[in-house]
Amino acid sequence: MVRDRNLDSVSYYYHGRDDYFETVQSGFIVGFSLLNARGIACAGEGDIKTALAMKIADICGTGGSFCEIVAADFNRDTMILGHDGPFHFAISKGKPILRGMGIYHGKRGSGVSVEAKVQPGKVTTLGVTQTRDGHLKFNISEGEAIDAPILLNGNGCNLYCR
(Lines give C-alpha, C1' and ligand atoms only; values in the text may rest on other atoms or scores of the structure.)
Protein backbone atom coordinates (compact mmCIF):
# COMPACT_ATOMS: atom_id res chain seq x y z
CA MET A 1 0.00 0.00 0.00
CA VAL A 2 2.81 2.42 0.93
CA ARG A 3 4.69 1.70 -2.28
CA ASP A 4 1.58 1.60 -4.51
CA ARG A 5 0.31 4.95 -3.24
CA ASN A 6 3.73 6.57 -2.65
CA LEU A 7 2.91 7.37 1.00
CA ASP A 8 5.21 9.30 3.36
CA SER A 9 3.14 8.46 6.44
CA VAL A 10 0.20 6.33 7.55
CA SER A 11 -2.32 6.65 10.33
CA TYR A 12 -4.67 3.77 10.96
CA TYR A 13 -7.44 2.68 13.28
CA TYR A 14 -9.70 -0.32 13.28
CA HIS A 15 -12.03 -1.55 15.96
CA GLY A 16 -14.13 -4.60 15.32
CA ARG A 17 -15.06 -7.88 16.85
CA ASP A 18 -13.70 -11.28 15.87
CA ASP A 19 -13.70 -10.84 12.14
CA TYR A 20 -11.35 -10.87 9.17
CA PHE A 21 -10.37 -7.19 9.41
CA GLU A 22 -9.40 -7.46 13.07
CA THR A 23 -7.15 -10.40 12.17
CA VAL A 24 -5.53 -8.38 9.38
CA GLN A 25 -4.88 -5.35 11.60
CA SER A 26 -3.35 -7.51 14.34
CA GLY A 27 -0.05 -7.50 12.39
CA PHE A 28 0.05 -3.76 11.79
CA ILE A 29 2.24 -2.93 14.82
CA VAL A 30 5.15 -5.06 13.59
CA GLY A 31 4.76 -4.03 9.94
CA PHE A 32 4.39 -0.36 10.73
CA SER A 33 7.40 -0.48 13.09
CA LEU A 34 9.44 -1.77 10.15
CA LEU A 35 8.07 1.07 7.99
CA ASN A 36 8.98 3.62 10.71
CA ALA A 37 12.57 2.37 10.47
CA ARG A 38 12.45 3.09 6.72
CA GLY A 39 11.25 6.69 7.18
CA ILE A 40 7.51 6.10 6.68
CA ALA A 41 5.88 7.50 9.82
CA CYS A 42 3.09 5.17 11.01
CA ALA A 43 0.84 6.15 13.91
CA GLY A 44 -1.98 4.19 15.48
CA GLU A 45 -5.39 5.28 16.71
CA GLY A 46 -6.10 7.19 13.50
CA ASP A 47 -4.00 10.07 14.78
CA ILE A 48 -2.89 11.99 11.67
CA LYS A 49 -1.30 14.78 13.73
CA THR A 50 0.87 12.24 15.55
CA ALA A 51 1.92 10.74 12.21
CA LEU A 52 2.98 14.27 11.20
CA ALA A 53 4.98 14.73 14.42
CA MET A 54 6.63 11.34 13.89
CA LYS A 55 7.54 12.28 10.32
CA ILE A 56 9.06 15.58 11.49
CA ALA A 57 11.11 13.74 14.13
CA ASP A 58 12.28 11.23 11.55
CA ILE A 59 13.28 13.97 9.08
CA CYS A 60 15.30 15.56 11.92
CA GLY A 61 17.13 12.23 12.27
CA THR A 62 15.85 11.42 15.75
CA GLY A 63 13.19 8.80 15.07
CA GLY A 64 9.70 9.26 16.40
CA SER A 65 7.26 6.94 18.13
CA PHE A 66 3.67 7.33 19.21
CA CYS A 67 3.43 7.56 22.99
CA GLU A 68 1.16 8.82 25.72
CA ILE A 69 1.44 9.32 29.47
CA VAL A 70 0.92 5.98 31.21
CA ALA A 71 1.62 6.79 34.86
CA ALA A 72 3.65 8.86 37.30
CA ASP A 73 6.43 7.12 39.24
CA PHE A 74 6.87 9.26 42.34
CA ASN A 75 9.66 7.01 43.70
CA ARG A 76 11.83 7.86 40.66
CA ASP A 77 10.40 11.38 40.18
CA THR A 78 9.46 10.47 36.60
CA MET A 79 6.59 10.28 34.18
CA ILE A 80 6.17 6.97 32.35
CA LEU A 81 5.27 7.25 28.69
CA GLY A 82 4.53 4.37 26.36
CA HIS A 83 2.21 2.76 23.87
CA ASP A 84 1.50 -0.55 22.19
CA GLY A 85 1.55 0.92 18.69
CA PRO A 86 4.32 1.14 16.09
CA PHE A 87 7.80 1.83 17.48
CA HIS A 88 10.79 3.52 15.83
CA PHE A 89 13.91 1.37 16.27
CA ALA A 90 16.19 4.45 16.11
CA ILE A 91 15.32 5.30 19.72
CA SER A 92 15.63 1.74 21.05
CA LYS A 93 18.05 0.69 23.75
CA GLY A 94 19.07 -2.75 22.62
CA LYS A 95 17.14 -5.07 20.37
CA PRO A 96 13.33 -4.82 20.54
CA ILE A 97 11.41 -8.04 21.12
CA LEU A 98 8.02 -9.20 19.87
CA ARG A 99 5.37 -9.94 22.48
CA GLY A 100 2.00 -11.55 21.82
CA MET A 101 -0.75 -9.45 23.29
CA GLY A 102 -4.27 -10.42 24.34
CA ILE A 103 -4.89 -7.27 26.37
CA TYR A 104 -3.75 -3.78 25.36
CA HIS A 105 -3.70 -1.49 28.40
CA GLY A 106 -6.95 -2.94 29.67
CA LYS A 107 -8.71 -3.34 26.30
CA ARG A 108 -9.13 -6.60 24.44
CA GLY A 109 -6.75 -6.91 21.49
CA SER A 110 -4.89 -9.35 19.34
CA GLY A 111 -1.61 -9.66 17.54
CA VAL A 112 1.95 -8.84 18.42
CA SER A 113 3.47 -5.78 20.05
CA VAL A 114 7.03 -4.51 19.64
CA GLU A 115 8.50 -4.20 23.13
CA ALA A 116 11.53 -1.97 23.65
CA LYS A 117 13.24 0.40 26.01
CA VAL A 118 14.15 3.91 24.95
CA GLN A 119 17.85 4.85 25.03
CA PRO A 120 18.74 6.69 28.24
CA GLY A 121 19.63 10.34 27.77
CA LYS A 122 18.06 13.57 26.62
CA VAL A 123 14.67 13.28 24.91
CA THR A 124 12.32 15.71 23.23
CA THR A 125 8.63 15.04 22.76
CA LEU A 126 6.84 16.68 19.86
CA GLY A 127 3.09 16.83 19.60
CA VAL A 128 1.12 18.51 16.85
CA THR A 129 -2.19 20.00 17.89
CA GLN A 130 -4.77 22.34 16.42
CA THR A 131 -5.72 25.80 17.64
CA ARG A 132 -9.28 27.05 17.92
CA ASP A 133 -8.94 28.86 14.57
CA GLY A 134 -7.67 25.75 12.77
CA HIS A 135 -3.93 26.39 12.68
CA LEU A 136 -1.42 23.72 13.62
CA LYS A 137 0.74 24.24 16.70
CA PHE A 138 3.64 22.28 18.20
CA ASN A 139 3.69 21.10 21.80
CA ILE A 140 7.30 20.40 22.72
CA SER A 141 8.79 19.15 25.97
CA GLU A 142 12.28 18.09 26.95
CA GLY A 143 13.43 15.60 29.52
CA GLU A 144 15.81 12.79 30.28
CA ALA A 145 15.06 9.12 29.66
CA ILE A 146 16.30 6.86 32.42
CA ASP A 147 16.89 3.12 32.43
CA ALA A 148 14.02 1.48 34.31
CA PRO A 149 11.93 -1.69 33.94
CA ILE A 150 9.25 -2.03 31.27
CA LEU A 151 5.81 -2.07 32.85
CA LEU A 152 3.79 -5.21 32.17
CA ASN A 153 0.59 -3.31 31.48
CA GLY A 154 0.08 -4.09 27.81
CA ASN A 155 2.23 -1.24 26.50
CA GLY A 156 5.16 -2.42 24.44
CA CYS A 157 7.38 0.62 24.95
CA ASN A 158 8.06 2.48 28.16
CA LEU A 159 9.97 5.71 28.54
CA TYR A 160 10.72 6.93 32.04
CA CYS A 161 11.28 10.64 31.68
CA ARG A 162 12.40 13.28 34.19
Side-chain angles (χ1 to χ4, degrees), residues 2 7-13 25 28-99 101 103-107 109 111-162:
V2 168
L7 299 177
D8 292 324
S9 66
V10 175
S11 180
Y12 69 96
Y13 181 79
Q25 70 84 33
F28 282 7
I29 292 172
V30 174
F32 285 164
S33 293
L34 293 170
L35 286 171
N36 279 338
R38 292 183 177 183
I40 308 297
C42 298
E45 299 187 8
D47 197 333
I48 295 168
K49 291 180 280 192
T50 295
L52 175 61
M54 290 171 64
K55 184 66 179 177
I56 291 167
D58 191 69
I59 289 168
C60 291
T62 60
S65 284
F66 186 105
C67 71
E68 55 199 2
I69 295 172
V70 174
D73 183 337
F74 295 108
N75 294 326
R76 291 185 178 96
D77 194 24
T78 61
M79 297 300 295
I80 305 169
L81 291 80
H83 202 265
D84 58 358
F87 181 75
H88 199 302
F89 304 134
I91 63 173
S92 176
K93 176 191 176 203
K95 188 174 183 179
I97 64 168
L98 301 180
R99 182 171 305 283
M101 303 295 284
I103 299 292
Y104 290 96
H105 45 74
K107 300 180 283 192
V112 177
S113 182
V114 176
E115 184 176 284
K117 286 186 174 185
V118 174
Q119 297 171 26
K122 294 184 182 220
V123 294
T124 301
T125 64
L126 169 63
V128 177
T129 189
Q130 191 171 352
T131 63
R132 186 180 321 173
D133 58 358
H135 293 94
L136 293 179
K137 175 175 129 178
F138 290 164
N139 286 326
I140 299 170
S141 64
E142 294 179 328
E144 177 187 0
I146 64 168
D147 193 13
I150 292 178
L151 292 179
L152 299 176
N153 64 343
N155 280 309
C157 166
N158 284 158
L159 163 64
Y160 286 74
C161 194
R162 291 186 181 163

Value for CD (Q130) from NZ (K137), rounded to nearest 0.5 Å, stands at 11.5 Å
For K49 versus V128, what's the shortest heavy-atom pair and its separation? CB-O, 3.4 Å
Heavy atoms only: give me the nearest A116-P96 pair and the separation to one decimal. CB-CB, 3.9 Å
Minimum side-chain heavy-atom gap L34-F89 below 4.5 Å: yes
What's the separation between atom CD1 in I140 and atom OG1 in T125, rounded to the nearest 0.5 Å? 8.0 Å
Sequence-distant partners of F66, ring pair (Phe, Tyr, Trp, His ring centres under 6.0 Å), two or more places apart: H83
Just wondering, do T124 and T62 contact through their side chains at under 4.5 Å, heavy atoms? no
Crowded around L7 CG? As in, over 12 foreign heavy atoms under 6.0 Å? yes
Give me the atom names and distance for the closest heavy-atom approach of L81 to C67. CD2-SG, 3.7 Å
CD-NZ distance between E115 and K117, expressed to the nearest 0.5 angstrom: 9.5 Å
To the nearest 0.5 Å, what is the distance between OH on Y12 and CD1 on I29? 5.0 Å
Counterpart residues, salt bridge (Lys or Arg N to Asp or Glu O under 4.0 Å), relative to K93 (two or more places apart): D147
If you round to the nearest 0.5 Å, how far is CE of M54 from OG of S11? 9.5 Å
Taking C42's backbone N and O only, do any of them form a donor-acceptor pair with K55's side chain (distance below 3.5 Å, no angle check)? no
Search all heavy atoms of F32 against all heavy atoms of P86 and return the closest pair with its distance. CB-CG, 3.6 Å
Looking at Q119 and A90, would you say the former's side chain and the latter's main chain have a donor-acceptor pair under 3.5 Å? yes
Go through the steps for N36 and F87 under the test side chain to side chain contact (heavy atoms under 4.5 Å, CB included), then give the verdict. CA-CA 7 Å; N36 279 338; F87 181 75; 5.8 Å; no
Output for pair (T78 OG1, I146 CD1), nearest 0.5 Å, gives 5.0 Å
When you compare the side chain of N139 with that of L126, does any pair of heavy atoms fall below 4.5 Å? no
